[in-house]
Amino acid sequence: MPEWVPNLKPVVSNTKKRTLIIILLAVLSAIYFLYNPETSGFPGCPLHALTGIYCPGCGSQRAFHSLLHFDLLKTADYNILFIPALFVVIYNEGIRAYNYFGKKNLQNYVYHPSFPKAVLITVIIFWILRNIPIQPFSWLAP
Amino acid sequence: MENQPKPKNYLVESILVTIFCCLVFGIIGIVNASKVNSEYAAGNYEGALKASQDAKKWTMWGFIVGAAILLIYVILYFVMGVAILGMGAGMGS
């Protein structure tokens, strides 16, 4: 067995989890499709409210709203890490489903020794850069 | 060691917590996810398992805190009406 395959069952193979996630995703998508977090009084980031600092997650509600309206430019504008994060989620679940249902042993790079380190470094650099109030860094702010 | 399965690293869950909710919980989750992979690669199964359990704990708390904030907000929304919420509009995430 290759080293990076933890052979975990995909979430979709668990009927209970699958139902729960589908319901949750449907409800959240409906809410974020219908309401614009910018104008509807959704809860803002407490860190930003208290300190004025943008955290790496700031803008993700608006990014989600934009994504549901297929506006990828706006999605990236609110939180550029939102798109790669989505890819990681889909990739991880995809590989697990492929290995489980297809009885394969494909490597999952989420389990590569360096991958979480790369994620951590990316998040921290993004956090610092988006708080620098001059262009081009300010483009990373939500 | 060869036959020990690699423990779940909770990296994806940590990323979701970082982006949607609680920075601190998410970051600690990512650090532990990193530890799962590196300890396992170094042959320390016990260490990898411990890091996996820590990662699970932190991401779980991230989800719980996120859900709690959401719940409080929904309750406020219905109890106090929309007026007070105008303050929250346009802020942060």
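Below, chain A is the first sequence line, B the second, and so on; all start at residue 1. All values below come from the heavy atoms of this structure, side chains included, with hydrogens, waters and symmetry mates left out. Fair warning: this is a prediction, and the values are worked out from it, not measured in the lab.
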Do [X] and [Y] sit in one hydrophobic cluster, given that two such residues count as connected whenever their side-chain heavy atoms are within less than 4.5 Å of each other, even indirectly?
X: B:V36; Y: B:M60; answer: no
X: A:I90; Y: A:I80; answer: yes
X: A:L28; Y: A:I22; answer: no
X: A:I125; Y: A:V88; answer: yes
X: B:W58; Y: B:I69; answer: yes

Quiz prompt | Proximal to chain A - members of residues 24-35 of chain B, heavy-atom separation under 4.5 Å | solution = B:I27, B:I30, B:V31, B:A33, B:S34
Quiz item: More than 12 heavy atoms of other residues, nucleotides or ligands under 6.0 Å from NZ of B:K50: is that the case?
Solution: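 For B:K50, atom NZ is not crowded (no more than 12 foreign heavy atoms under 6.0 Å).
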Quiz prompt | CG/A:L73: more than 12 non-hydrogen atoms of other groups inside 6.0 Å | solution =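 12 or below, so no.
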Quiz item: Pick from A:N92, A:V89, A:L81, A:V119: which one makes a side chain to side chain contact (heavy atoms under 4.5 Å, CB included) with B:I15?
Solution: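 Checked A:N92, A:V89, A:L81, A:V119 against B:I15; only one passes side chain to side chain contact (heavy atoms under 4.5 Å, CB included): A:V119.
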Quiz item: Which pairs with one or both residues in residues 65-95 of chain A pass ring-ring contact (aromatic ring centres under 6.0 Å, His included), sequence neighbours excluded?
Solution: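 As it turns out, the ring-ring contact (aromatic ring centres under 6.0 Å, His included) pairs with a partner in residues 65-95 of chain A, which skip direct neighbours, are A:F33-A:H69, A:H65-A:H69, A:F82-B:F20.
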Self-check item: Atom of A:V110, atom of B:N37 and distance for their closest heavy-atom approach
Solution: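 The answer is O-ND2, 3.2 Å.
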Quiz prompt | Closest contact, heavy atoms only, A:Y111 versus B:Y10 | solution = OH-N, 4.4 Å
Practice problem: Give, as side chain, backbone, both or neither, the part of A:V123 having an atom under 4.5 angstrom from any heavy atom of chain B. | Solution: side chain
Quiz item: Could you give the distance from CG (B:L11) to CZ (A:F115), rounded to the nearest 0.5 Å?
Solution: 6.0 Å
Practice problem: Quick one: pull up SG in A:C58 and CD1 in B:I19 and give me the separation to the nearest 0.5 Å. | Solution: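 One finds 11.5 Å between SG of A:C58 and CD1 of B:I19.
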